[in-house]
Number of protein chains: 2
Amino acid sequence: MGAERRDTGAKGGDDVVALLWRGATPVRRGPRPRFSIDGIVTAATTIADARGLDAVTMQSVAESLGTTKMALYRYVPGRVELDALMLDTALGTPPPAAAGSPWHVALTDWARSVHARALARPWSVELAQRPHVPGPVELAWFESGLAALAGLPLTGAEKLDTLALLVGHVMSLVRQQPAGASPEADLAARLAPVLAERAGEYPHSLAAFTGASSGARDDALRFGVARVVAGVAALADERG
Amino acid sequence: MGAERRDTGAKGGDDVVALLWRGATPVRRGPRPRFSIDGIVTAATTIADARGLDAVTMQSVAESLGTTKMALYRYVPGRVELDALMLDTALGTPPPAAAGSPWHVALTDWARSVHARALARPWSVELAQRPHVPGPVELAWFESGLAALAGLPLTGAEKLDTLALLVGHVMSLVRQQPAGASPEADLAARLAPVLAERAGEYPHSLAAFTGASSGARDDALRFGVARVVAGVAALADERG
DNA sequence: TGTTTACTGTGTCTCCAGGACGCAATTAGA
DNA sequence: TCTAATTGCGTCCTGGAGACACAGTAAACA
């Protein structure tokens, strides 16, 4: 893996935008396409769900559709575009906001929804955290988050920053839960002998880690979201 | 690129731990090594700084050292381990805490230091956000962050969560600043025509984005850190 | 002062991913 | 019916990670 794929380039970016925001396909000449973009994205998503993002190659997607790699390039310009399409469908549409709930409840719910969806498809986080152009679905999530903040005395930039703060937190947490195995129990076990030897150099860390091993990790989500909400509330109060 | 590299496996992880926390090298038989782990990591870092993480291949590192790819495998088991070593040296040691400053100042300074260092080496964020075993330097950063929180009535887990929250925010921000070009001005420009067409579907987003285009992006850092600090302060007050 | 032997340097080979290119088959529109 | 756009897809090329084997080298020991 190259693990990264810098794109952000002008040309590629335009392709991505066109694909993500594509309207109805005009009638075309020639043979009917045997596949569809949606079908390809679904196949890729299924593979990613089952075997991780690494397992998604043009090859593997093509095989799961019963065709060959090069046939896919008729539908999707390249891997970058496929990633963008996968990302924008990964989370699904945001849940409708419960009308009438106070902003801090709505915002907390929103963050929890993002977390739940992201946790169900950890690979989407990997994609979401590369620089990318948001698609319709991702923008809908932003829209619903902004709606929760609509009544607050914050500037547009501040509202976006608030959502970014929550999203950043949620993504960080999801990154540490590789689905199956032991999350940080494994890590702690591996690090423990080393830390024990050097206890003197890392007194606070040792205390915090040993004390932390009891509580479940979901607390981190609750804690972080609550702190952010409290911080925003403090600002709102300050401004009246 | 494969962009990702799941490892987290038991065997590989042990190698990583051994390398990161290696002590003095015992005297060995045979020819003196011509290179050193530090030298290799430095070379790789130089390449990453200049041309990005994608440009770091065993090949390119070897060339910059005047040797061949396979020679490097005598020092570093593989790419995963090289990444781990690069990460742990990327940020450098944390600055000493200004003694006597109140916790919220110390914590804010800490977050700003993390941001400054990460911004100087954006590729380190990519590495830091994969699941990984922390090395001595990374742990030293944690240690210094925990020191800032030492006096607060929080549990160990809560302190760690607080730092994770800040780090998550900082990393999110750095991800959006690909060094050179226009950060989100470019993105906004690309998205603008699409959004304009569908203004009705995304009223809040449109308002927030257009309103936000003025302020610089450093405000996001300040805003986020301030919110978190305020949120933590609220909790601390609550507990006396 | 040999001699042993672990350790280093490195060329070659394999596997696999992304992607360019071109040709044959197909079918909507004129 | 004819034609031109469009699809399906085989072949080829460019890397990158890593396995392996073998030759050279020097520290340790008798």
Side-chain angles (χ1 to χ4, degrees), chain A residues 1-7 9 11-12 15-16 22 25-37 39-40 43-44 47-48 51-86 123 126-127 130, chain B residues 1-7 9 11-12 15-16 25-37 39-40 43-44 47-48 51-86 130:
Chain A
M1 153 170 61
E4 308 71 47
R5 191 152 290 254
R6 298 279 158 276
D7 200 63
K11 294 295 177 57
D15 275 358
V16 171
R22 81 199 111 105
T25 321
V27 180
R28 293 173 170 286
R29 226 182 247 196
R32 295 274 161 67
R34 284 177 47 204
F35 308 105
S36 67
I37 295 184
I40 292 171
I47 295 173
R51 293 184 290 143
L53 198 54
D54 284 343
V56 177
T57 58
M58 292 294 161
Q59 179 83 28
S60 65
V61 174
E63 274 169 17
S64 87
L65 288 171
T67 184
T68 63
K69 183 179 69 159
M70 292 318 292
L72 299 184
Y73 283 99
R74 287 286 172 201
Y75 299 85
V76 177
R79 182 58 201 273
V80 176
E81 287 77 11
L82 180 57
D83 285 343
L85 289 164
M86 290 175 69
W123 51 266
E126 171 70 42
L127 297 178
R130 321 215 249 251
Chain B
M1 119 159 43
E4 311 72 47
R5 190 155 290 254
R6 299 278 156 278
D7 200 64
K11 294 296 177 57
D15 276 358
V16 170
T25 321
V27 180
R28 293 174 170 286
R29 229 182 244 198
R32 295 276 161 66
R34 283 176 48 204
F35 308 105
S36 67
I37 295 184
I40 292 170
I47 295 173
R51 293 184 290 142
L53 198 53
D54 283 344
V56 177
T57 58
M58 292 293 159
Q59 179 83 30
S60 66
V61 174
E63 274 170 16
S64 87
L65 288 170
T67 182
T68 64
K69 185 180 67 156
M70 291 318 293
L72 301 184
Y73 283 99
R74 287 284 172 204
Y75 299 85
V76 177
R79 182 58 200 272
V80 177
E81 288 76 10
L82 180 57
D83 285 342
L85 290 164
M86 289 174 70
R130 316 215 253 253

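In the text below, chain A, chain B and the rest are named by the order of the sequence lines, each starting its count at 1.
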Between A:Y73 (OH) and D:dC13 (C1'), how many Å, whole number?
13 Å
Please enumerate all residues that pass side chain to side chain contact (heavy atoms under 4.5 Å, CB included) together with A:A84, with sequence neighbours excluded.
A:V16, A:L20
Mind listing the N/O atom pairs, protein and nucleotides 4-11 of chain D, below 3.5 Å?
unit_1 : atom_1 : unit_2 : atom_2 : d
D:dG8  : OP1    : A:R34  : N      : 2.7
D:dG8  : OP1    : A:Y75  : OH     : 3.1
D:dG8  : OP2    : A:Y75  : OH     : 2.8
D:dG8  : N7     : A:R74  : NE     : 3.1
D:dG8  : O6     : A:R74  : NH2    : 2.6
D:dC9  : OP1    : A:R34  : NH1    : 3.4
D:dC9  : OP2    : A:R34  : NH1    : 3.2
D:dC9  : OP2    : A:T67  : OG1    : 2.8

Integer-rounded Å distance: C:dA17 P and A:D83 CG:
14 Å
Where is the tightest heavy-atom contact between A:A48 and A:M86, given as atom of each residue plus distance?
CB-CE, 3.8 Å
Quick check: closest heavy atoms across A:A43 and A:S64, and the distance to 0.1 Å?
CB-OG, 3.6 Å
Roughly how many Å is it from CG in B:L65 to P in C:dT10, rounded to a whole number?
11 Å
Kindly list each side-chain donor-acceptor pair under 3.5 angstrom involving residues 65-78 of chain A, sequence neighbours excluded, with atom names and distances?
unit_1 : atom_1 : unit_2 : atom_2 : d
A:Y75  : OH     : A:R34  : N      : 3.2
A:Y75  : OH     : A:F35  : N      : 3.0

Are the side chains of A:R22 and A:L85 in touch, meaning some heavy atoms are under 4.5 Å apart?
yes
Please find the pair of heavy atoms, one from B:I40 and one from B:L82, that lie closest to each other, and give the distance.
CG2-CD1, 4.2 Å
Pick from A:T57, A:V56, A:D54: which one makes a side-chain contact (heavy atoms from CB on, under 4.5 Å) with A:I47?
A:V56
Which of residues 55-63 of chain B have a heavy atom under 4.0 Å from DNA chain D?
B:T57, B:M58
